[in-house]
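See below for the structure under consideration.
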There are 2 protein chains.
Amino acid sequence: MSKPTIYSIAQRCGVSAATVSRVFNRPELVSAPVREQVMAAAHELGYQPSSAARGLVTGRAEMIGLIVPDITNPFFPLLVRAIQRSAERMGSSVMLVDAEESAAAEVRQVAQLRSRVDGVIVASPRSSSAALREAARGLPCVLLNRPLRDLSSVVCDNTSALFDAGDHLHKHGHRSFALLTGPSASWAAARRAQAVRRWARGRGVELAELGPFRATFKGGRQAGAALLGTAATAAFAFDDLTACGVLAELAGRGVSVPGDRSVVGCDDVLLARTVTPNLTTVTAPMEDLGTTAVQVLTRQIEAPGGAPEHVRLPGSFVARDSTGPRPTP
Amino acid sequence: MSKPTIYSIAQRCGVSAATVSRVFNRPELVSAPVREQVMAAAHELGYQPSSAARGLVTGRAEMIGLIVPDITNPFFPLLVRAIQRSAERMGSSVMLVDAEESAAAEVRQVAQLRSRVDGVIVASPRSSSAALREAARGLPCVLLNRPLRDLSSVVCDNTSALFDAGDHLHKHGHRSFALLTGPSASWAAARRAQAVRRWARGRGVELAELGPFRATFKGGRQAGAALLGTAATAAFAFDDLTACGVLAELAGRGVSVPGDRSVVGCDDVLLARTVTPNLTTVTAPMEDLGTTAVQVLTRQIEAPGGAPEHVRLPGSFVARDSTGPRPTP
DNA sequence: TCGGACAATGAAAGCGATTGCATGATTCTG
DNA sequence: CAGAATCATGCAATCGCTTTCATTGTCCGA
């Protein structure tokens, strides 16, 4: 007894394979009695259509690739889940690839994926644009948090939320700020830094730029240490993970947050709500980001060579416990 | 210009498709000049073999499924990465599925996956054994952290590490302990609880059992609150996430850790080292767990119907800052 | 009552690769 | 130098499914 195929079923039911196939794909073309008989037989035999065979003829893999630079970064699990969920809704599965922080790996992975997926979603802060373009040639692709003119992209724009964060701190009396910058190659880092700078200039407040720091907990500790070398009473961390590092470093040195300094993070990952004090941060609309990415990708797949789409979703500011009034000197 | 196939290449090089195929699969069977010519042409045309076609004839998808109950649980990203890494080494890709904490989804997903993968790795604390068995029927499968007699499994056994943890606390003078139990349906939770109980009995110390609590940060907070209702000076949390909740709850109530109470976690996820104080915990050998799971699965795939394998890997105790000497009353 | 429209089904041609077998060209062996 | 062994290559079947086209049988209107 080998795996059941449409032929096993066809034979069993005394119909042709074509009919069996239709029962699954275009059931309305098959008469009710036959349809039911076939379905019953299929169920009884435990029939599962071979996706390889189907893919071969339809040219669709019903699968999308998802490339993340580092799944251990708490930013991604939420995204992965959102993407997976909406992919499932579209009848596709998700193939996850962790590029392990290596640009070379990213590009290599895309090449690897090509033949197995209908398209890819790439969350790739690192790779060079040229490498990305090349890798995506002829393959429907949407970039996450990294716009590129000729490839579709879905990005989270935190500019206005960061303005809100600044205003929030300003209202609390802070006048001297520090910007703890993230990896220089990261689009998000550049973008966030720019937003903070613009805000500070607009407000006419002092802004010390520190960094760049690696987007890790350790990087955050270094940033925290650096922060103490300045007079800033409030700091914008690149993301929540670094903010946590900052918090830890400050705590380690007996500096109170938000008593002595205020810290705001970015992304609102799980960590933000498990750390003490809870992080004031900017929440990224993960669910939306994922859903949108899948939708855009689907469109690219259905109309290959269509114009690239660019979607920008705003984050929003959320005040928690890592920010407070300026310490009275 | 449609997608290049072995035929395009064959034609271009004046050889047969079979030869082209061999260049990629059994290059030693092809003469050097032809081989190089074909490779050059393939590269030039940007040829990528169709995995659907290959899969159809070889019967292999070169892909394994990975089902996790909740990718946002910090336990999993490390595992996912380890699995992906070693799958890649075996020439397979990983299809990730987040069952979203639903046993029904888990089983449904396995069914869905069947036709697209060569086998699955299931990290499924929830589903009933019967459901799992049924879902895995005829599909190579290895269970993670959940042994079942007739299915292969790879589990992390923390028993001895928990003994070490207990001894560590005992040495620090603690005599009254609390066990904050995890979800009752989880094998790991049961196992850990059992280990702690055995240890406590062996030592003849007092052990208050609290719970079960959900394996979330919130669950941890509740556990923390409950802990304060007891005289225990040291607590075993179900995992790091709940331990963090405990820490947060205690901190919120002005209870110092490790000054007033000691807390040990389990798993050693990223969180353990980002929280203040750093968690004393039991590290799970994630890398090994993942690698082993893939190896076992590979064996199952190559010899379907072979006897199930059961691997048990020990965790190890690591002392950090959430444990200390018993407070002097 | 007959022709055409329509519904239900089957036959068969691929999709793009792999692979066992056959073949022709070389090289070896005694 | 004949026959065997070896090597490189081609032919063609096959994997399981989808889909076009053709066929058959029904039903309806005129």
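A note on names: the letters A, B, ... follow the listed sequences, proteins ahead of strands, and every chain is numbered from 1. What's counted below: heavy atoms across the whole structure, side chains too, no hydrogens, waters or symmetry copies.
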Looking at DNA chain D, which of residues 33-42 of chain B put a heavy atom within less than 4.0 Å of it?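 Hits under 4.0 Å, by residue number: V34(B).
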Selection: residues 46-59 of chain B, any non-hydrogen atom under 4.0 Å of DNA chain D: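 When residues 46-59 of chain B is checked for heavy atoms under 4.0 Å from DNA chain D, the hits, listed by number, are L56(B), V57(B).
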Flag side-chain contact, heavy atom, 4.5 Å: [X] against [Y]:
X: S152(B); Y: L143(B); result: no
X: W187(A); Y: V155(A); result: yes
X: C156(A); Y: P285(A); result: yes
X: V20(B); Y: R22(B); result: no
X: L151(B); Y: P308(B); result: no

Rounded to the nearest angstrom, tell me the gap between atom [atom1] in [X] and atom [atom2] in [N].
X: R116(A); N: dA17(C); atom1: CZ; atom2: C1'; value: 14 Å
X: I6(B); N: dT18(C); atom1: CD1; atom2: C1'; value: 8 Å
X: Y7(A); N: dT9(C); atom1: OH; atom2: P; value: 17 Å

Which angle, rounded to 10°, do you find between the first-five-pair axis and the last-five-pair axis of the helix from dT1(C)-dA30(D) to dG30(C)-dC1(D)?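 So the angle between the two local helix axes works out to 40°.
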Can you tell me if Q112(B) has over 12 outside heavy atoms packed within less than 6.0 Å of its CD?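 No, not enclosed.
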What's the spacing between E309(B) CD and S153(B) OG if we round to 0.5 Å?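 Taking CD in E309(B) and OG in S153(B), the distance rounds to 9.5 Å.
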Contacts to DNA chain C from residues 15-26 of chain B, heavy-atom cutoff under 4.0 Å, which residues?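 Here the set is A18(B), S21(B), R22(B), N25(B).
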Do D70(A) and R81(B) sit within salt-bridge range, that is, some charged N less than 4.0 Å from a carboxylate O?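 Counted as a salt bridge, because a side-chain N and a carboxylate O are separated by less than 4.0 Å.
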Look at the side chain of [X] and the backbone N and O of [Y], then say whether any donor-acceptor pair between them is shorter than 3.5 Å.
X: S92(A); Y: E88(A); value: no
X: D118(B); Y: A61(B); value: yes
X: R116(A); Y: S93(B); value: no

Do you know which of [options] makes side chain to side chain contact (heavy atoms under 4.5 Å, CB included) with [X]?
X: V80(A); options: V80(B), T72(B), L96(B); value: L96(B)
X: V38(A); options: I6(A), V30(A), V23(A); value: V23(A)
X: L144(A); options: T292(A), L79(A), V68(A); value: L79(A)

Reading DNA chain D 5' to 3', which nucleotide is the first, and which the last, to come under 4.0 Å of any heavy atom in chain A?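 Under 4.0 Å from chain A, the extent on DNA chain D is dG16(D) to dT20(D).
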Which residue pairs satisfy the salt bridge (charged side-chain N to carboxylate O under 4.0 Å, His left out) criterion with at least one member in residues 38-63 of chain B, sequence neighbours excluded?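 Residue pairs with at least one partner in residues 38-63 of chain B: R12(B)-E44(B).
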